[in-house]
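Here the structure is laid out as C-alpha coordinates; the discussion comes afterwards.
All of these numbers come straight from a predicted model, not from anything done at the bench.
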Amino acid sequence: MDIEHIVLPALVLMTSLGAVVLGTWRLGLAPRRLGGAALRAVETIGLLVAFGVANVALGIAGVLAYRGLTGEFMSFYVLNDAILGLLSLLQALVFQWWRAGRRD
(Lines give C-alpha, C1' and ligand atoms only; values in the text may rest on other atoms or scores of the structure.)
Protein backbone atom coordinates (compact mmCIF):
# COMPACT_ATOMS: atom_id res chain seq x y z
CA MET A 1 0.00 0.00 0.00
CA ASP A 2 1.29 3.43 -0.93
CA ILE A 3 1.73 6.05 1.76
CA GLU A 4 -0.62 8.36 -0.18
CA HIS A 5 -3.54 6.04 0.65
CA ILE A 6 -2.88 6.40 4.36
CA VAL A 7 -2.50 10.17 4.63
CA LEU A 8 -6.17 11.22 4.71
CA PRO A 9 -7.40 8.46 7.04
CA ALA A 10 -4.44 9.15 9.34
CA LEU A 11 -5.24 12.87 9.44
CA VAL A 12 -8.88 12.18 10.26
CA LEU A 13 -7.90 9.65 12.92
CA MET A 14 -5.50 12.11 14.57
CA THR A 15 -7.99 14.99 14.61
CA SER A 16 -10.72 12.64 15.90
CA LEU A 17 -8.47 11.46 18.74
CA GLY A 18 -7.61 15.08 19.47
CA ALA A 19 -11.32 15.93 19.62
CA VAL A 20 -11.94 13.05 22.05
CA VAL A 21 -9.10 14.21 24.29
CA LEU A 22 -10.25 17.83 24.13
CA GLY A 23 -13.87 16.84 24.70
CA THR A 24 -13.19 14.66 27.72
CA TRP A 25 -10.44 16.63 29.46
CA ARG A 26 -11.30 20.24 28.65
CA LEU A 27 -15.02 20.25 27.94
CA GLY A 28 -16.10 17.58 30.40
CA LEU A 29 -17.93 15.45 27.82
CA ALA A 30 -18.76 11.89 28.84
CA PRO A 31 -16.92 9.29 26.73
CA ARG A 32 -19.88 6.89 27.05
CA ARG A 33 -21.98 9.30 24.97
CA LEU A 34 -19.60 9.11 22.02
CA GLY A 35 -21.44 6.09 20.55
CA GLY A 36 -24.71 8.01 20.52
CA ALA A 37 -23.01 10.95 18.86
CA ALA A 38 -21.57 8.65 16.19
CA LEU A 39 -25.04 7.21 15.58
CA ARG A 40 -26.44 10.73 15.21
CA ALA A 41 -23.67 11.49 12.69
CA VAL A 42 -24.66 8.43 10.64
CA GLU A 43 -28.29 9.56 10.78
CA THR A 44 -27.19 12.97 9.53
CA ILE A 45 -25.35 11.37 6.61
CA GLY A 46 -28.57 9.55 5.74
CA LEU A 47 -30.46 12.83 5.87
CA LEU A 48 -27.79 14.42 3.68
CA VAL A 49 -28.34 11.73 1.05
CA ALA A 50 -32.12 12.08 1.31
CA PHE A 51 -32.03 15.87 0.94
CA GLY A 52 -29.48 15.60 -1.87
CA VAL A 53 -31.62 13.15 -3.82
CA ALA A 54 -34.74 15.27 -3.23
CA ASN A 55 -32.97 18.45 -4.35
CA VAL A 56 -31.63 16.84 -7.53
CA ALA A 57 -34.99 15.21 -8.33
CA LEU A 58 -36.84 18.49 -7.83
CA GLY A 59 -34.18 20.26 -9.87
CA ILE A 60 -34.59 17.79 -12.75
CA ALA A 61 -38.35 18.27 -12.61
CA GLY A 62 -37.86 22.03 -12.65
CA VAL A 63 -35.53 21.89 -15.66
CA LEU A 64 -37.97 19.65 -17.55
CA ALA A 65 -40.88 21.94 -16.64
CA TYR A 66 -38.92 24.98 -17.81
CA ARG A 67 -38.11 23.26 -21.09
CA GLY A 68 -41.73 22.26 -21.58
CA LEU A 69 -43.25 25.61 -20.66
CA THR A 70 -40.86 27.89 -22.49
CA GLY A 71 -39.58 25.69 -25.30
CA GLU A 72 -36.08 26.90 -24.43
CA PHE A 73 -33.22 24.57 -23.64
CA MET A 74 -31.86 24.48 -20.11
CA SER A 75 -29.04 22.10 -19.28
CA PHE A 76 -29.11 19.71 -16.35
CA TYR A 77 -25.58 20.93 -15.64
CA VAL A 78 -27.10 23.81 -13.66
CA LEU A 79 -27.64 21.15 -10.98
CA ASN A 80 -23.99 20.03 -11.08
CA ASP A 81 -22.61 22.37 -8.44
CA ALA A 82 -20.87 21.57 -5.17
CA ILE A 83 -22.97 24.27 -3.51
CA LEU A 84 -26.02 22.00 -3.88
CA GLY A 85 -24.21 19.37 -1.79
CA LEU A 86 -23.25 21.92 0.84
CA LEU A 87 -26.80 23.27 1.00
CA SER A 88 -28.12 19.71 1.30
CA LEU A 89 -25.72 19.20 4.20
CA LEU A 90 -27.01 22.39 5.83
CA GLN A 91 -30.58 21.14 5.41
CA ALA A 92 -29.64 17.80 6.98
CA LEU A 93 -27.89 19.44 9.93
CA VAL A 94 -30.75 21.82 10.65
CA PHE A 95 -33.31 19.02 10.40
CA GLN A 96 -31.22 16.76 12.65
CA TRP A 97 -30.76 19.49 15.26
CA TRP A 98 -34.46 20.28 15.08
CA ARG A 99 -35.26 16.62 15.76
CA ALA A 100 -32.73 16.54 18.60
CA GLY A 101 -34.33 19.61 20.19
CA ARG A 102 -37.63 17.78 20.34
CA ARG A 103 -36.02 15.05 22.47
CA ASP A 104 -34.28 17.45 24.86
- Item | side chain to side chain contact (heavy atoms under 4.5 Å, CB included) between Val20 and Leu34, worked out | CA-CA 9 Å; Val20 169; Leu34 190 56; 3.9 Å; yes
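At least one donor-acceptor pair closer than 3.5 Å links the side chain of Gln96 to the backbone N or O of Arg40. Between the Asp81 side chain and the Ile83 main chain, a donor and an acceptor come within less than 3.5 Å of each other. Looking only at distances, no side-chain donor or acceptor of Arg67 sits under 3.5 Å from a matching main-chain atom of Glu72.
Residues Val78 and Tyr66 share a hydrophobic cluster, clusters being chains of Ile/Leu/Val/Met/Phe/Trp/Tyr side chains in contact below 4.5 Å. Leu84 and Leu90 fall into different hydrophobic clusters, where Ile, Leu, Val, Met, Phe, Trp and Tyr side chains are chained together by heavy-atom contacts under 4.5 Å. Both Val56 and Phe76 are members of a single hydrophobic cluster when ILVMFWY side chains are connected at heavy-atom separations under 4.5 Å. Taken together through direct or relayed side-chain contacts under 4.5 Å among Ile, Leu, Val, Met, Phe, Trp and Tyr, Phe73 and Leu64 form parts of separate hydrophobic clusters.
Considering Leu47, Val94, Thr44 in turn, Leu47 is the only one that fulfils the side chain to side chain contact (heavy atoms under 4.5 Å, CB included) rule with Arg99. Of the options Leu11, Val12, Leu17, a side chain to side chain contact (heavy atoms under 4.5 Å, CB included) to Met14 is made by Leu11 and by none of the others.
Across all their heavy atoms, Gly52 and Ser88 have their closest contact at CA-OG, 3.5 Å.
Annotation: the span from Leu89 atom CG to Phe51 atom CZ amounts to 11.0 Å, rounded to 0.5 Å. To the nearest 0.5 angstrom, Ile6 atom CD1 is 12.0 Å from Leu13 atom CG. For the atom pair Leu79 CG and Met74 CE, the distance stands at 9.0 Å (nearest 0.5 Å).
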